[in-house]
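Structure first, commentary second.
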Amino acid sequence: MDFSIIWANWPLYLEGLWTTVQLVVLALLIGLAIALPMALMRQSSNPVLKGLAWSYIYFFRGTPLLVQMFIIYYGFGQLAWIKSTWMWIFLQEAYFCALLAFTLNTAAYTAEIIRGAIATTPHGEVEAAIAYGMSRWQRMRRIILPSAARRALHAYSNEIIFMLHGSSVASVITLVDLTGAARIVNSRYYSPFEAFIASGVLYLLMTFLIVWGIKLAEKRWHAHLRPRTH
């Protein structure tokens, strides 16, 4: 194994790392903002709202992320009416197309995680809130959502990791993320092992940091479940 190839191209890997982190963090933040109202729509008694949310979640969970990104990056460019609107300013950029695909995809998975956590809220908590005189939205804001967030944390940590690993498809549309950097190094030196082992190690380190951060969050949010020491 020739480590000199990795060291010679370390700035390229750092550039790819920064692009990957940007895409994943932005997609998760924006996706979470979309997922919360989508999850509430899924729990709604209104059949129109519930159907719209179900259709969105079913489509983005039922199709591969790569296909979704190709539709956005290549497909929208074939629609003449889009090219004549302000949307083309963004849709002609590979970075924005990747971010849009990642955001819509993770929003669908996160919405289903939140919906499941809301649906499993202990009925006693809701009854106590009703007895206290809370309105529906007060119960949702003060009792149901905080309780659901604690239960959803572990499942959401998996979604964060899946989003990190899934972001590797961004290199297919010319973005230089971590995988894209490895592909460039491989094309220069014809050394796939060295090229991809470096990006693999960086993915592994980021995954470790995510798991460590989630464990700290679980330790804080679930502190009331730990047995008390006397």
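Bear in mind the structure is a predicted one, so any value in this text is a computation, not a measurement.
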So if you build clusters from Ile, Leu, Val, Met, Phe, Trp, Tyr with side-chain heavy-atom gaps below 4.5 Å, do [X] and [Y] land together?
X	Y	result
Val185	Val176	yes
Ile173	Met87	no
Val21	Leu32	yes
Ile114	Ile160	yes

Practice item. Share the residues that join Tyr58 in a hydrophobic cluster, the rule being Ile, Leu, Val, Met, Phe, Trp or Tyr side chains under 4.5 Å apart at the heavy-atom level. Key: Trp54
Closest heavy-atom pair and its distance - [X], [Y]:
X	Y	value
Ala53	Met41	CB-CB, 3.8 Å
Tyr13	Ser199	CE2-N, 4.0 Å
Pro122	Arg151	CD-NH1, 3.6 Å
Cys97	Tyr73	SG-CD1, 3.7 Å
Gly31	Ala107	O-CB, 3.5 Å
Leu175	Ala98	CD1-CB, 3.6 Å

Point to revise | Pairs satisfying side chain to side chain donor-acceptor pair (under 3.5 Å), at least one member in residues 109-119, at least two apart | key: Glu112-Arg115
Review point. Does CZ in Phe59 sit with more than 12 non-hydrogen atoms of other residues, nucleotides or ligands closer than 6.0 Å?
Key: yes
Exercise for review: Not counting sequence neighbours, list each pair that qualifies as a ring-ring contact (aromatic ring centres under 6.0 Å, His included) and has a residue in residues 163-191.
Suggested key: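 Qualifying pairs: none.
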Point to revise | Within-4.5 Å side-chain heavy-atom neighbours: Leu153 and Ile214 | key: yes
Exercise for review: With the side chain counted from C-beta on, respond yes when Val211 and Ile161 share a heavy-atom pair under 4.5 Å apart, and no when they do not.
Suggested key: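 Yes; the side chains approach each other to less than 4.5 Å.
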Review point. Taking only residues two or more places apart in sequence or in another chain, which ones pass ring pair (Phe, Tyr, Trp, His ring centres under 6.0 Å) with Tyr74?
Key: Phe70
Practice item. Output every pair passing salt bridge (charged side-chain N to carboxylate O under 4.0 Å, His left out) with a member in residues 60-80, not counting sequence neighbours, ordered by first then second residue. Key: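 The answer is none; no pair qualifies.
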**Study point:** Short side-chain to backbone donor-acceptor contact, Thr20 and Leu178, under 3.5 Å
**Key:** yes
Point to revise | Partner set under salt bridge (Lys or Arg N to Asp or Glu O under 4.0 Å) for Arg183, not counting sequence neighbours | key: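 Salt bridge (Lys or Arg N to Asp or Glu O under 4.0 Å) check on Arg183 returns nothing, list empty.
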Check your understanding: Is there a donor-acceptor contact under 3.5 Å linking the side chains of Tyr203 and Thr179?
Key -> yes
**Study point:** Worked check of side-chain contact (heavy atoms from CB on, under 4.5 Å) between Ile143 and Val126
**Key:** CA-CA 7 Å; Ile143 305 298; Val126 179; 5.7 Å; no
